[in-house]
A.B. asks: 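The structure is given below, and queries will be raised subsequently.
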Amino acid sequence: MSKLIKPIPARPISRRRFLSTTAAAGAAAAGLSTGLIPARARAQSRGGNIRVAIGHGQTTDTLNPGTWENDFTITMAYGFCGYLTGVARDGSLEPQVAESWEASADAATWRFKLRPGVTFHSGAPVTAENVIASIFFHMGEESTSAAKPLLEGITDITADGDTVVFTLNGGNADFPFTFTDYHLPVMPSGDDRGVNWRDGDGCGPYRLAEFEAGVRARFVKNENDWDSNRGFFDEAEVLAVVDTNARTTALVSGDVNMIDRLDLKTVGLMARNPGITVHSVAGNQHYTFPMNSGVAPFDDNNIRRALKYAINRQELVDKILFGYGSLGNDHPIGQGQRFYHSELPQTEYDADKAKFYLKEAGLDSLDVELSVADAAFAGAVDAGVLYQNSAAAAGINIKVNRVPNDGYWSDVWMQHPWSGSYWGGRPTEDAMFATAYSAGAAWNESFWENARFNELLVMARSELDEDKRRDMYWDMQLILNEEGGSVIPMFANYVFATGPDINTNGDDFSSHWDKDGHRWMERWSFA
């Protein structure tokens, strides 16, 4: 059984300096080019203890999978948990605890055959009943899980021997992708709505040996893992280090083997270090400024549109991402996704249009407060200052409220009327929309509701004709662009760095989430 240690308070974090000139931004970006050396796949060796520093984690983190919402807990999840299905490096669906699946002709009934011989770290076998209880844990009126919206189409789950049968209220062409979500691990039986999550007993490639919320987690190789071609380290230690300078120093000094969320203004200098490799991966990660659409003044779409025109997106890409990203257009679908709206006009910075929408709302000026911390995303505080400056020309006075990093996701996000946020994206459009934009979803961070959007969400999910599905998803992106409650100014590359002794098995990383789809622990090894 895993040894669980009481949470230790995190240290206070200091604010990093703001580099505001585009000239400096260009120099930093140019310096990175010499550090991005394509890695060739090498044979994986076994053994050794890897230490990594993650720019997330807070003292309120728990082992309840329904509450996981930052990169520290997601990394932890894919380390010790097992899932029915997974996302391969090329974005395709791959079998995990379920070795195969099949659907009825209308995609409304799905059968998942479990892999034989899979056990929990405690030694108990993984059964169909465990899978059913694990999914039911996130369902029902009592559930507060962030994964609840993904499962609302399920009307029944039954066991047929070693096969789990899901009955849906309509067709869902992407249903097997649902179980790749990090909130949905297979858990052992217990007393909390049928499962036991408190002991950290999983069926993943590593056993959870220690957990200190907001500080660290330690993992030990699962010698009984069903897949002998993953999990090459003997141990892995994950440290929650929110301060960017501290993470950078730890990698340069050799105290850790990998860090994420690099300081992009100095990443060029790091790339010149011959012992460090910087990896930049374009994917679905995007940064957002969600407004609570249920309260004034954000309940007026004219105000929301004014704020969308009042932000200089290109300036943020240049000065916050230093070129390692692309413009956002107020919807969460990335350019590499199947149903990306390639013909949607880009919303540009336009102070006159912002003023126009203010007047439509009956205002000549607007005073609003934006709560941000770098826990939201690297450079969030600086992005708020840039937003403040660009909006001023439109008569919009943004007060930037810098709040503490620790506790940000529990005390600020979805608690303050307007704040900063980030999303790693999801492998399918349906998963992204259902998680963050469907009415009543636990993580609908803008509290936004639109009847037509919700109608299209259900229709697109069950539509098996690809052309018709595309049209529906294009309409949904348009609705978000024009009426949605989130300003989404930029898509950010995943930028992380590894030390000289890490073999990442090539550089064809997963792009749907950070750090090789958060599965670095099972895919990488020591050189």
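Residues: numbered from 1 along the sequence shown. From a predicted model like this one, the values you see are computed outputs, not experimental measurements.
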A.B. asks: Mind checking whether V495 and L264 have side chains closer than 4.5 Å, heavy atoms only?
C.D. replies: yes
A.B. asks: Please assess F179 against W101 for the test side-chain contact (heavy atoms from CB on, under 4.5 Å), listing each intermediate value before the final yes or no.
C.D. replies: CA-CA 12 Å; F179 302 108; W101 51 87; over 6 Å; no
A.B. asks: Hey, can you tell me if F526 and F233 have their rings parallel, tilted or perpendicular (30° and 60° cut-offs)?
C.D. replies: perpendicular
A.B. asks: If the condition is side chain to side chain donor-acceptor pair (under 3.5 Å), which residues does H512 pass it with, not counting sequence neighbours?
C.D. replies: none
A.B. asks: Checking the side chain of N172 only, and the main-chain atoms of S462 only, is there a donor and an acceptor separated by less than 3.5 Å?
C.D. replies: no
A.B. asks: For residues 431-441, tabulate all N or O donor-acceptor pairs below 3.5 Å that involve a side-chain atom, not counting sequence neighbours.
C.D. replies:
unit_1 : atom_1 : unit_2 : atom_2 : d
T435   : OG1    : A431   : O      : 2.7
S438   : OG     : A434   : O      : 2.7

A.B. asks: If we ignore hydrogens and angles and just use 3.5 Å, is the side chain of N257 paired with the main-chain N or O of R51 as donor and acceptor?
C.D. replies: yes
A.B. asks: Nearest 0.5 Å, what's the CD1-NE2 distance between I488 and H286?
C.D. replies: 5.0 Å
A.B. asks: Can you tell me which residue among W443, W197, Y78 is in a ring-ring contact (aromatic ring centres under 6.0 Å, His included) with H183?
C.D. replies: W443
A.B. asks: Could you verify whether a donor N or O on one side chain and an acceptor N or O on the other, from T428 and D430, lie under 3.5 Å apart?
C.D. replies: no
A.B. asks: Going by the rule side-chain contact (heavy atoms from CB on, under 4.5 Å), which residues pair with P290 if we only count those two or more places apart in sequence or in a different chain?
C.D. replies: T288, S419, S421, E445, S446, S486
A.B. asks: Nearest 0.5 angstrom please: D90 CG to S510 OG, how far?
C.D. replies: 8.0 Å
A.B. asks: Any sub-3.5 Å donor-acceptor pair from T180's side-chain atoms to F177's backbone N or O?
C.D. replies: yes
A.B. asks: With sequence neighbours left out, what residues match D516 under salt bridge (charged side-chain N to carboxylate O under 4.0 Å, His left out)?
C.D. replies: R89, R523
A.B. asks: Which of parallel (below 30°), tilted (30 to 60°) and perpendicular (above 60°) describes W524 and W520?
C.D. replies: tilted
A.B. asks: Is there a side-chain contact between N222 and P205, using heavy atoms and a 4.5 Å cut-off?
C.D. replies: no
A.B. asks: Look only at the side chain of N196 and the backbone of R198, and say whether a donor-acceptor pair between them is shorter than 3.5 Å.
C.D. replies: yes
A.B. asks: Keeping Y206 on the side-chain end and M521 on the backbone end, is there a donor-acceptor pair under 3.5 Å?
C.D. replies: yes
A.B. asks: Enter the distance from F339:CZ to I333:CD1 here, rounded to the nearest 0.5 Å.
C.D. replies: 10.5 Å
A.B. asks: If you compare all heavy atoms of V267 against all heavy atoms of L262, which two are closest, and at what distance to 0.1 Å?
C.D. replies: CG2-CD1, 3.5 Å
A.B. asks: Report the distance from atom CG of L93 to atom CG of L84, rounding to the nearest 0.5 Å.
C.D. replies: 10.5 Å
A.B. asks: Would you say H56's side chain and A375's backbone share a donor-acceptor pair under 3.5 angstrom?
C.D. replies: yes
A.B. asks: Minimum heavy-atom separation for T73 and N70, please, with both atom names.
C.D. replies: OG1-O, 2.9 Å
A.B. asks: Partners of T155 by side-chain contact (heavy atoms from CB on, under 4.5 Å), sequence neighbours excluded?
C.D. replies: T167, N169
A.B. asks: How about Y182 and W513: are their ring centres within less than 6.0 Å of each other?
C.D. replies: yes
A.B. asks: Could you check R461 against F175 for side-chain contact (heavy atoms from CB on, under 4.5 Å), going step by step and ending with a plain yes or no?
C.D. replies: CA-CA 9 Å; R461 181 179 300 147; F175 186 66; over 6 Å; no
A.B. asks: Would you please name every residue forming a side chain to side chain donor-acceptor pair (under 3.5 Å) with T75, sequence neighbours left out?
C.D. replies: none
A.B. asks: For the side-chain contact (heavy atoms from CB on, under 4.5 Å) test, which of V195, I132, T127, V126 pairs with V186?
C.D. replies: V126
A.B. asks: Measure across S280 and Y324 and return the closest heavy-atom pair with its distance rounded to 0.1 Å.
C.D. replies: OG-CD2, 3.8 Å
A.B. asks: Is it true that a side-chain atom of D201 and a backbone atom of H121 form a donor plus acceptor pair closer than 3.5 Å?
C.D. replies: yes
A.B. asks: Can you name the side-chain contact (heavy atoms from CB on, under 4.5 Å) partners of T60, sequence neighbours left out?
C.D. replies: Q58, S410
A.B. asks: Name the residue from N493, T504, T498 that meets the side chain to side chain donor-acceptor pair (under 3.5 Å) definition with H279.
C.D. replies: T498
A.B. asks: Measure across H138 and S145 and return the closest heavy-atom pair with its distance rounded to 0.1 Å.
C.D. replies: ND1-OG, 2.7 Å
A.B. asks: Kindly write out the residues that satisfy salt bridge (charged side-chain N to carboxylate O under 4.0 Å, His left out) with D106, not counting sequence neighbours, or none if the list is empty.
C.D. replies: none
A.B. asks: Could I get the full list of side-chain contact (heavy atoms from CB on, under 4.5 Å) partners for N49, not counting sequence neighbours?
C.D. replies: D234, E235
A.B. asks: Quick one, L184 and L151 - any side-chain contact, counting heavy atoms below 4.5 Å?
C.D. replies: yes
A.B. asks: Please evaluate residues M76 and F211 with respect to the criterion side-chain contact (heavy atoms from CB on, under 4.5 Å), reporting the C-alpha separation (whole Å), side-chain torsions for both, the decisive distance (0.1 Å), and the verdict.
C.D. replies: CA-CA 9 Å; M76 185 171 65; F211 170 59; 3.6 Å; yes
A.B. asks: Rounded to the nearest 0.5 Å, how far apart are CD1 of I157 and CE of M139?
C.D. replies: 5.0 Å
A.B. asks: Is it the case that N130 and S189 place a side-chain donor and acceptor less than 3.5 Å from each other?
C.D. replies: yes
A.B. asks: Considering non-hydrogen atoms only, spot the tightest contact between R230 and D227 and give its length.
C.D. replies: CG-O, 3.5 Å
A.B. asks: Just jot down the side chain to side chain donor-acceptor pair (under 3.5 Å) partners of D260, sequence neighbours excluded, or say none.
C.D. replies: K515
A.B. asks: Please check: side-chain N/O of Y422 versus main-chain N/O of Q285, any donor-acceptor pairing under 3.5 Å?
C.D. replies: no
A.B. asks: Test of understanding: with salt bridge (charged side-chain N to carboxylate O under 4.0 Å, His left out), list the residues that count as partners of R519, not counting sequence neighbours.
C.D. replies: E94, E522
A.B. asks: Can you tell me if D465 has over 12 outside heavy atoms packed within less than 6.0 Å of its CG?
C.D. replies: yes
A.B. asks: Looking at R193 and S143, what are the two nearest heavy atoms and their distance?
C.D. replies: NH1-CB, 3.5 Å
A.B. asks: I'd like to know if D174 and R338 make a salt bridge, using a cut-off of under 4.0 Å between side-chain N and carboxylate O.
C.D. replies: yes
A.B. asks: Where do F112 and T85 land on the side-chain contact (heavy atoms from CB on, under 4.5 Å) test, with the steps shown first?
C.D. replies: CA-CA 10 Å; F112 290 77; T85 57; 4.2 Å; yes
A.B. asks: For the pair R426 and D181, find out whether any cationic side-chain nitrogen is under 4.0 Å from an anionic carboxylate oxygen.
C.D. replies: yes
A.B. asks: From E237 CD over to R218 CZ, what is the distance, rounded to the nearest 0.5 angstrom?
C.D. replies: 8.0 Å
A.B. asks: For the backbone of F232 and the side chain of K221, can you confirm whether one donor and one acceptor N or O come within less than 3.5 Å of each other?
C.D. replies: no
A.B. asks: Between the side chains of R469 and E463, is the shortest nitrogen-to-carboxylate-oxygen separation below 4.0 Å, so that they form an ion pair?
C.D. replies: no
A.B. asks: What pairs with E102 under salt bridge (charged side-chain N to carboxylate O under 4.0 Å, His left out), at least two apart in sequence or on another chain?
C.D. replies: R111
A.B. asks: Is it the case that the side chain of W68 and the backbone of T62 share a donor-acceptor pair, with hydrogens and angles ignored and the cut-off at 3.5 Å?
C.D. replies: yes
